[in-house]
Amino acid sequence: MEISDRALTNIASGDREFTQKLVDLHCMEAFFDLLKNTTDEETADQAIWGLGNIVGDSPTLRDKALEGIKNKKKLKTKKTKKNGILEYIIEHLDNFPSLVKRNAVWTLSNFCRGKPSPNWKKVSKMLKPLANLIERMEDYDAMADVLWSFSFLSEDREEGDTPKAIDNDFPSGFNIDGVIQTGIVKHVINVIKFASKMGEDAWNTISQ
């Protein structure tokens, strides 16, 4: 199973036409199903890696993933229930093993990137969980992806692009305010200080 997962993950990271073909063949649903049901760490990692490749391929596929996956089970109601990939990753972020968590954070960062900007109501759900995560994070690669997420989320949005289905009026820079309110700024400052100190130590060691 892991070999086939890895093959699909590699294809999803390739040319856009191949990634789109995988999506047309419901590979996104398959990856998500696998992520939710497997108990094997490496299989879960491949599944979330594959999802990250699809989400990061283009704003079109990113938005398709944000819409959620239709539930295969027939429901008694006429409404079709959808399961959110983004919401599932956020909900289980703290419980993922370290290997899976790194790709989970990377996948979340892919949800934030690209123009036109992603649906703010959706992606803003990750603000607080990511801010809480970086406070105790020791994985520098994952930390970098968290910072990229906040960078993408604080970028200027298209004119007239305000959160939909929200009654309040959102002034210019509402996304930056949302980022600041998480308390992430102090952690970013600490990361910069730490990186600067490591650079100085490395330079001193080389100079000796």
Side-chain angles (χ1 to χ4, degrees), residues 9-10 12-14 16 19 28 31-32 35 44-67 84-158 161 163 173-199 202:
T9 298
N10 290 339
S13 67
R16 183 158 296 174
T19 307
M28 184 161 61
F31 277 139
F32 189 37
L35 176 63
D45 185 55
Q46 286 299 315
I48 207 163
W49 195 351
L51 287 169
N53 283 335
I54 291 173
V55 171
D57 180 78
S58 68
T60 300
L61 294 184
R62 176 204 66 198
D63 292 344
K64 182 178 177 64
L66 280 174
E67 289 174 6
I85 297 173
L86 173 72
E87 291 78 6
Y88 181 87
I89 294 174
I90 292 173
E91 182 182 347
H92 295 84
L93 191 57
D94 284 335
N95 298 322
F96 282 139
S98 298
L99 177 67
V100 181
K101 186 177 294 185
R102 175 181 294 183
N103 272 326
V105 171
W106 172 73
T107 298
L108 289 178
S109 74
N110 281 347
F111 273 112
C112 303
R113 64 191 301 175
K115 297 292 182 180
S117 302
N119 184 311
W120 176 257
K121 187 181 178 185
K122 292 270 189 183
V123 294
S124 62
K125 295 175 183 178
M126 72 176 77
L127 285 172
K128 197 62 180 175
L130 287 181
N132 292 338
L133 188 65
I134 200 171
E135 190 172 354
R136 57 186 186 277
M137 186 174 280
E138 297 180 356
D139 184 330
Y140 297 134
D141 288 331
M143 186 183 295
D145 284 323
V146 171
L147 295 177
W148 272 117
S149 298
F150 280 101
S151 174
F152 295 139
L153 290 173
S154 59
E155 287 179 351
D156 289 338
R157 299 176 72 86
E158 295 74 20
D161 177 24
F174 67 86
N175 54 320
I176 296 177
D177 289 339
V179 169
I180 293 174
Q181 288 172 17
T182 65
I184 188 67
V185 175
K186 64 181 179 182
H187 298 304
V188 173
I189 293 173
N190 289 336
V191 169
I192 292 173
K193 288 180 179 178
F194 179 70
S196 177
K197 179 67 166 57
M198 286 187 65

Heavy atoms, side chains only, cut-off 4.5 Å: are [X] and [Y] in contact?
X	Y	result
F111	I85	yes
L51	N110	no
W49	W106	yes

Next on the checklist: Using the side-chain contact (heavy atoms from CB on, under 4.5 Å) definition, which of the options I176, V123, N175 pairs with L153?
Outcome noted: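 Exactly one option meets the side-chain contact (heavy atoms from CB on, under 4.5 Å) with L153, and it is V123.
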Next on the checklist: With side-chain contact (heavy atoms from CB on, under 4.5 Å) as the test, pick out the partner of F152 among S117, P118, C112.
Outcome noted: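 Single side-chain contact (heavy atoms from CB on, under 4.5 Å) partner of F152 among S117, P118, C112: C112.
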Item to check | Within residues 98-108 or reaching into it, pairs that qualify as salt bridge (Lys or Arg N to Asp or Glu O under 4.0 Å) - sequence neighbours excluded | outcome: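 Matches after skipping sequence neighbours: R102-D139, R102-D141.
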Find the distance between [atom1] ([X]) and [atom2] ([Y]) and round it off to the nearest 0.5 Å.
X	Y	atom1	atom2	answer
R113	S151	CZ	OG	10.5 Å
M126	L133	CE	CG	12.5 Å
E87	L66	CD	CG	8.0 Å
N53	M28	CG	CE	13.0 Å
T107	I48	OG1	CD1	5.0 Å

Show the nearest heavy-atom pair for residues [X] and [Y], with the distance to one decimal.
X	Y	value
A65	V55	CB-CG2, 3.8 Å
S149	L130	CB-CD1, 3.8 Å
R62	K115	NH1-N, 4.4 Å

Distance-only donor-acceptor pairs under 3.5 Å for side chains of residues 90-98, two or more places apart:
| from | atom 1 | to | atom 2 | distance (Å) |
| --- | --- | --- | --- | --- |
| H92 | ND1 | Y88 | O | 2.9 |
| D94 | OD1 | R136 | NH2 | 2.6 |
| D94 | OD2 | R136 | NH2 | 3.4 |

Next on the checklist: Under a plain distance cut-off of 3.5 Å, with no hydrogens placed, do S124 and K122 share a side-chain donor-acceptor pair?
Outcome noted: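 Distance-only check fails for K122 and S124.
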Next on the checklist: Among residues at least two apart in sequence or on other chains, which ones pass side-chain contact (heavy atoms from CB on, under 4.5 Å) with T182?
Outcome noted: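 So T182 forms a side-chain contact (heavy atoms from CB on, under 4.5 Å) with L127, A131, F150, I184.
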Checklist entry - Does atom NZ of K125 have more than 12 heavy-atom neighbours from other groups under 6.0 Å away? => result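 Counting other residues, nucleotides and ligands, NZ of K125 exceeds 12 neighbours.
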